[in-house]
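Scope of the values below: all heavy atoms of this structure, side chains included, with no hydrogens, waters or symmetry mates. Chain letters run A, B, ... following the sequence lines, proteins first, then strands; residues in each count from 1.
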Amino acid sequence: MQPKNLQRVFAALAREGLHVERDGRIYRVRLKDVEGAPAGEVLLPDEFPVEAKALRQLAGLAALRHPAGGGVTTVRASPDFHPGDAGVAIGSIVETEGIVVPAAVGTDINCGMRLHVVDLTAEELLAKRDVLVERLKGDYFFSSRDLPMTAEAMQGLFREGLIGWLSAVRRRPLGQLARADLDQLEREIDRVHLGGALDGDPRWAPEDLVPAEGVVRDGGLATIGGGNHFVEIQVVEEVVDRARARQWDVRAGQVAIMIHSGSRGVGKHVGALWRDRARGMWPKGQKFPPEGLFSLSLADQPEAVAGYMQAEATAANYGFLNRLLLAELLRQRLRELFGEVAAPLVYDLPHNITLPVEGPARRWITRKGACPAGAEQPVIIPGSMGAASYLLVGRGSPQLLGSASHGAGRATSRFEMGRRGRETEDLGLAGVDCITLREERRIEEAPAAYKPIGPVIACQVEAGLCDVVARMRPLMTFKA
DNA sequence: ATGTGC
């Protein structure tokens, strides 16, 4: 079955020098006049519309090379592929050799997902819905939370992630962290991708977050952030893979907590700094890369490549803690309302990050809105606030370089959703319990803004990228 | 995406 817009999109792209072909669910796109560039490959469910802008961005990414040597070797895109507004399509997975591309990951460094299960049924939880919502509004939209961090904790966090942070907090637990179960947080580090600990350095963090001594009062930690980020309370609707679900502590009928957030202002700080540095270091007199996707080359700027990787890691470490603390605030509220209820971490992982490929340190994979899906590894794919979300297990397939999608994918722009909201079209919000201080957010992020999650999941299971372990349904969604 | 910013 042909998507309706296919011929039109292919013809338009051909006129501007892009060659596109389709082979079942795989689309390949290539810039005709760039010798030796790999084709970008997209996996898309049948009948999903193909967006010209996203294909153009993918072809540009595939053609990146640095004049001093090195370039992009492989480009793939996941089924939630859609155009990005910083020149890189969301859902892009890019392997580079000898270069890193700061703009490929952008400013939303270590945006990712976290999933907990809670030993409560939906009925038990909803019986106290109103008081829970009131308290969480205070926590997430400020005022009632108390999370001061010592200078040592911030330094430890930026330098070595959750491990460094936790050892500093153990020495001097402040505010609500004095009520946290630090032993449990330490045990759960096993369930954070890469141990939530990358080699960073405080020198890359915003200055006000790393004072020489004293306490950071409001470092922006445990904040949800805008756009598609959320904290959602769900119920496990169906367990599909019983053995694995048992192994991961997941049972049908349980409440779940799903968190989608990133490194907030720290990622913005690092991403913008290195985007500008990469531009400034571009060899004089050389043609600029498409979309401002300046790279740093190991051949002539090895210290810049190392510096960027350390800076990205610094921001990524903050992203891991941001999600951990969003969950910890919720766990503390649940304890207040329901007593000592268990709420173990299932998994936490980034879908916006550059990681080295095993072997000699000259190849990297950047995922921009694509979830790592290594063999036997938990994969978390959220649907919209009106649709199911999924816990899956990865299969390490090379088709998307060991990745899966990071969601259903946006179908309609924020701007267009605003217009539809004013026309009072049906945005799929019936029955959705969305808690936010901004009415426009509810509209921009309404279920109708997203593609259907079902075909996105089915397409990836059929392609052998991952298998479903459990499906969750939303009970209430917090959006900043 | 962003304590959004020409």
Side-chain angles (χ1 to χ4, degrees), chain A residues 53-54 57 61 78 80-92 101-114 139-143 145 147 149 154 204-210 216-231 259-276 291-293 311-312 314-316 318-323 325-326 349-354 366-371 382 384-385 405-410 412-418 436-441 443-445 449-450 478-480:
Chain A
K53 183 178 176 187
Q57 290 176 337
L61 198 56
S78 60
D80 56 345
F81 180 59
H82 62 281
D85 41 54
V88 180
I90 316 303
S92 299
V101 188
V105 73
T107 56
D108 188 13
I109 295 167
N110 190 8
C111 182
M113 300 300 305
R114 186 178 182 93
D139 291 335
Y140 292 147
F141 310 143
F142 282 75
S143 77
R145 51 201 254 136
L147 289 171
M149 296 290 163
M154 296 307 286
W204 300 117
E207 267 179 49
D208 52 332
L209 295 190
V210 279
V216 175
R217 279 275 146 210
D218 178 14
L221 283 159
T223 59
I224 295 174
N228 56 358
H229 291 177
F230 62 78
V231 171
I259 294 170
H260 181 191
S261 187
S263 57
R264 314 284 287 103
V266 180
K268 190 199 173 193
H269 173 84
V270 165
L273 175 73
W274 279 93
R275 179 195 57 209
D276 295 347
E291 307 274 3
L293 301 177
E312 204 200 285
T314 306
Y318 183 97
F320 285 122
L321 182 61
N322 189 39
R323 289 192 292 274
L325 291 174
L326 285 164
L349 80 178
H351 54 224
N352 237 19
I353 201 162
T354 307
T366 296
R367 295 186 175 85
K368 167 88 171 176
C371 184
S384 76
M385 63 171 86
S405 82
H406 85 310
R410 184 170 276 279
T412 307
S413 71
R414 295 189 180 113
F415 178 79
E416 171 66 11
M417 286 305 293
T436 179
L437 300 180
R438 301 178 58 183
E439 187 57 26
E440 69 270 29
R441 187 76 77 204
I443 309 289
E444 291 166 357
E445 296 296 317
Y450 288 88
F478 292 82
K479 304 278 293 186

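- Within the nucleic acid shown, G262(A) has no heavy atom closer than 4.0 Å to any nucleic acid atom.
- Position along DNA chain B of the nearest nucleotide to R438(A) versus E445(A) favours E445(A) as the more 5'-ward residue.
- Between the Y318(A) side chain and the L221(A) main chain, a donor and an acceptor come within less than 3.5 Å of each other.
- If you take CG on D139(A) and CZ on F478(A), they are separated by 9.0 Å, rounding to the nearest 0.5 Å.
- A side-chain contact (heavy atoms from CB on, under 4.5 Å) with R264(A) is found for exactly one of I224(A), D108(A), N322(A), namely N322(A).
- Residues E291(A) and L61(A) have side chains not in contact (no heavy-atom distance under 4.5 Å, counting atoms from C-beta outward).
- Nucleotides of DNA chain B with any atom under 4.0 Å from a heavy atom of chain A span, from 5' to 3', dA1(B) to dG5(B).
- Across all strands, D218(A) comes closer than 4.0 Å to base atoms (heavy-atom distances).
- Judged purely by atom type and a 3.5 angstrom limit, D80(A) uses its side chain to pair as donor or acceptor with the backbone of G407(A).
- Relative ring orientation between H229(A) and H260(A) is described as tilted, the plane-to-plane angle lying within the 30° to 60° band.
- Using modelled atom types, no side-chain atom of R275(A) and backbone atom of P102(A) make a donor-acceptor pair closer than 3.5 Å.
- In this structure, H229(A) reaches the sugar-phosphate backbone alone: every heavy-atom distance under 4.0 Å involves primed, P, OP1 or OP2 atoms, never a base.
- Note that CZ of R367(A) and SG of C111(A) are 14.5 Å apart. Values are rounded to the nearest 0.5 Å.
- N352(A) comes within 4.0 angstrom of no nucleic acid atom, judged by non-hydrogen atoms across all strands.
- Contacts between residues 101-111 of chain A and DNA chain B, defined by a heavy-atom separation under 4.0 Å, are made by T107(A), D108(A).
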